[in-house]
Amino acid sequence: MFIMRAILTLTLGAVFGMTPQAAHAQAKPPPATVRIAVIPVTNYAPLVVARDKGFFGEENLNVTWTNVNLGAIAVEAVYGGSAEIGGSSIFEPMVARGNGLDIVFIAASARIRSNPPDNSGVAVRSNDSIHSAKDLVGKKVSAGLINSVNYAHMREWLLRNSVDPNTVQFLEIPFPQMADALFQNRLDAVWNVEPFLTFMLKSGNARILSYPYQENVPRMDITGYLAKESWVKANPDVVRRFRRAIDRATTYLINASKEERDDFVAKYSGARPDVVAVMNLPEYTTEFNVPSLKANLDIAVRQKLAKPFDLDAMIWKP
């Protein structure tokens with residue numbers, strides 16, 4: 001019976017001009033192309049893991065990514081159609097959703113560290129007299145882009161410490177340029193991120209004033225993957241495959257040795273391995289901390305950056 005079945009299979013393959021192996025290969029669809037616009041922070045190191053370990057390939061995905069300077073640009077790229085998926089802070093997508101754009105979260109990424117030190121923070125000059133939020137009254141501060149996640153949380157932190165944010169002068173300075181601006185006395189405080197924060201502290205010329213995220217919303221999600229809701233509804237299988245691959249890569253990175261994890265972070269970020277070894281990395285995660293997302297939405301609404309909406313509807317369910 002086995003011989004007859006094999007002969008029949010070969011005969012049918014010959015009739016249609018192909019072997020069983022060729023027929024199987026032809027039946028497999030071409031890889032789905034997924035373009036990602038992502039901010040170049042260590043939170044997205046799992047992208048390199050998924051690529052190098054073949055997780056994207058196993059899900060029949062052709063994934064490429066382009067770095068963008070701001071989370072808002074990642075949202076714009078997704079909404080405008082130049083990228084299928086974005087990687088940004090959780091704040092900008094929620095502001096977009098609260099202003100009527102059909103943006104949804106499709107996968108978690110990373111959250112702030114549970115205890116100090118965090119992987120971003122407000123720094124001042126080592127010999128400066130600034131030691132509390134109240135000392136920032138009348139001072140020049142940069143927390144990145146106006147209305148960005150850091151800016152919104154800086155204002156929230158000031159309010160929680162009984163300081164009117166309008167008494168502080170905010171200036172937009174890119175993260176790589178913050179150290180020079182601070183050390184040249186053009187700014188009095190900066191909220192910087194890794195690896196630039198480590199560079200500043202290691203120089204001995206800066207010290208930490210606060211980790212506002214940890215004070216405002218402990219254990220909060222800080223980054224996530226987003227997509228246009230209409231695209232997700234049209235391509236649910238592609239989104240599921242991406243989610244499986246990136247969750248697998250994130251889990252791999254969580255369980256990796258420090259040396260291997262640092263290697264992947266260095267490869268993604270472009271920072272030297274010896275710098276990565278002393279950096280404060282975020283906590284990688286495959287699950288959203290939904291209460292922390294809602295707390296961030298509350299901050300956006302209070303600051304009139306977004307209108308309230310049903311946050312649960314923004315989190316895609318596979």
Side-chain angles (χ1 to χ4, degrees), residues 39-44 67-73 88-89 91 110 112-113 115-161 163-216 222-223 262 265-266 268-282:
I39 53 177
V41 294
T42 56
N43 307 39
Y44 290 102
N67 288 337
V68 295
N69 291 331
L70 303 168
I73 297 177
S88 85
S89 86
F91 200 77
I112 64 170
R113 294 164 66 91
N115 300 294
D118 200 1
N119 70 321
S120 76
V122 178
V124 297
R125 288 180 292 274
S126 297
N127 59 357
D128 207 297
S129 60
I130 298 173
H131 293 283
S132 70
K134 293 182 179 180
D135 295 329
L136 293 176
V137 173
K139 303 297 186 181
K140 295 180 180 179
V141 176
S142 180
L145 186 69
I146 301 298
N147 294 336
S148 68
V149 60
N150 285 13
Y151 172 84
H153 271 270
M154 186 70 184
R155 291 178 65 88
E156 178 74 10
W157 178 75
L158 290 169
L159 285 169
R160 289 175 182 231
N161 285 275
V163 175
D164 181 354
N166 294 321
T167 63
V168 176
Q169 183 179 355
F170 285 96
L171 301 175
E172 292 184 338
I173 302 290
F175 295 123
Q177 299 173 21
M178 284 184 176
D180 286 343
L182 181 67
F183 297 154
Q184 294 169 8
N185 297 320
R186 290 185 282 118
L187 290 172
D188 300 295
V190 298
W191 187 339
N192 216 339
V193 301
E194 294 290 11
F196 311 111
L197 185 61
T198 289
F199 294 148
M200 293 177 64
L201 299 178
K202 291 295 183 182
S203 74
N205 297 319
R207 57 179 168 80
I208 290 294
L209 176 65
S210 172
Y211 297 111
Y213 288 146
Q214 292 182 339
E215 294 185 40
N216 291 350
I222 182 60
T223 51
D262 288 352
V265 170
Y268 176 75
S269 67
R272 298 196 316 269
D274 60 309
V275 173
V276 175
V278 297
M279 282 170 47
N280 298 314
L281 298 179

Start with the C-alpha gap between F183 and S203, add the side-chain angles, then the distance that decides, and say whether side-chain contact (heavy atoms from CB on, under 4.5 Å) holds. CA-CA 11 Å; F183 297 154; S203 74; 3.8 Å; yes
Begin with the C-alpha distance, continue with both residues' side-chain angles, and end with the deciding distance and a verdict on side-chain contact (heavy atoms from CB on, under 4.5 Å) for L187 and I173. CA-CA 10 Å; L187 290 172; I173 302 290; 3.8 Å; yes
Yes or no on side-chain contact (heavy atoms from CB on, under 4.5 Å) for L197 and I208, after CA distance, side-chain angles and deciding distance? CA-CA 9 Å; L197 185 61; I208 290 294; 3.9 Å; yes
Check the pair N166 / R155 against side-chain contact (heavy atoms from CB on, under 4.5 Å), numbers first and verdict last. CA-CA 9 Å; N166 294 321; R155 291 178 65 88; 3.5 Å; yes
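The minimum heavy-atom distance linking L182 with A189 is given by the pair CD1-N, 3.8 Å. Scanning both residues, G144 and S148, for their nearest heavy atoms gives C-OG, 4.3 Å. Between Y211 and P117, the closest heavy-atom pair is OH-CB, 3.2 Å. Of all the heavy atoms in T42 and M279, the pair that sits closest is CG2-CE, 3.5 Å. Here the closest heavy-atom approach between residue N216 and residue R160 is recorded as O-NH1, 3.2 Å. Heavy-atom minimum distance, A266 versus A271: CB-O, 3.3 Å.
R207 places a side-chain N or O within 3.5 Å of a backbone atom of D128 that can act as its donor or acceptor partner. Listed for the S120 side chain is no donor-acceptor partner under 3.5 Å among the backbone atoms of V193. A donor-acceptor pair under 3.5 Å is absent between the side-chain atoms of R272 and the main chain of V276, judged by distance alone. Side chain of N67 to backbone of I39: no donor-acceptor contact under 3.5 angstrom is found. Side-chain atoms of S142 never come within 3.5 Å of backbone atoms of E172 as a donor-acceptor pair (strictly under, hydrogens ignored). Judged by distance alone, with hydrogens and angles left aside, the side-chain atoms of E194 form a donor-acceptor pair with the main-chain N or O of T198 at under 3.5 Å. Using modelled atom types, no side-chain atom of Y213 and backbone atom of D118 make a donor-acceptor pair closer than 3.5 Å. Within the 3.5 Å criterion, the main-chain N or O of V265 finds a donor-acceptor partner in the side chain of S269. Judged purely by atom type and a 3.5 angstrom limit, Q214 has no side-chain atom pairing as donor or acceptor with the backbone of I112. Judged by distance alone, the side chain of N161 and the main-chain N or O of V163 form no donor-acceptor pair under 3.5 Å.
Residues F199 and V275 meet the side-chain proximity criterion, which asks for heavy atoms closer than 4.5 Å. The shortest distance between side-chain heavy atoms of W157 and L209 falls below 4.5 Å. Between D262 and L281 the shortest side-chain heavy-atom distance falls below 4.5 Å.
Here the OG1 atom belonging to T223 is positioned 3.5 Å from the CG atom belonging to N43, to the nearest 0.5 angstrom. In this structure, CG in N205 is found 8.0 Å from CG in N127, a value given to the nearest 0.5 Å. To the nearest 0.5 Å, atom CG of residue L136 and atom CD1 of residue I130 are 5.0 Å apart. The CD1 atom of I222 sits 14.0 Å away from the CZ atom of R113 when rounded to the nearest 0.5 Å. The distance from atom CG of L171 to atom CD1 of I146, rounded to the nearest 0.5 Å, is 7.5 Å. Between M154 atom CE and L159 atom CG the span is 11.0 Å, to the nearest 0.5 Å.
Looking only at atom types and distance, the side chain of E215 has a donor-acceptor partner in the side chain of S210 under 3.5 Å away.
Salt bridge status for R125 with D188: present, with a side-chain N to carboxylate O gap under 4.0 Å.
The distance between the ring centers of Y44 and Y268 does not fall below 6.0 angstrom.
Just one residue in the list W191, Y151, F170 forms a side-chain contact (heavy atoms from CB on, under 4.5 Å) with V141, and that residue is F170.
Other residues, nucleotides and ligands contribute only 12 or fewer heavy atoms inside 6.0 Å of the CG atom of N69.
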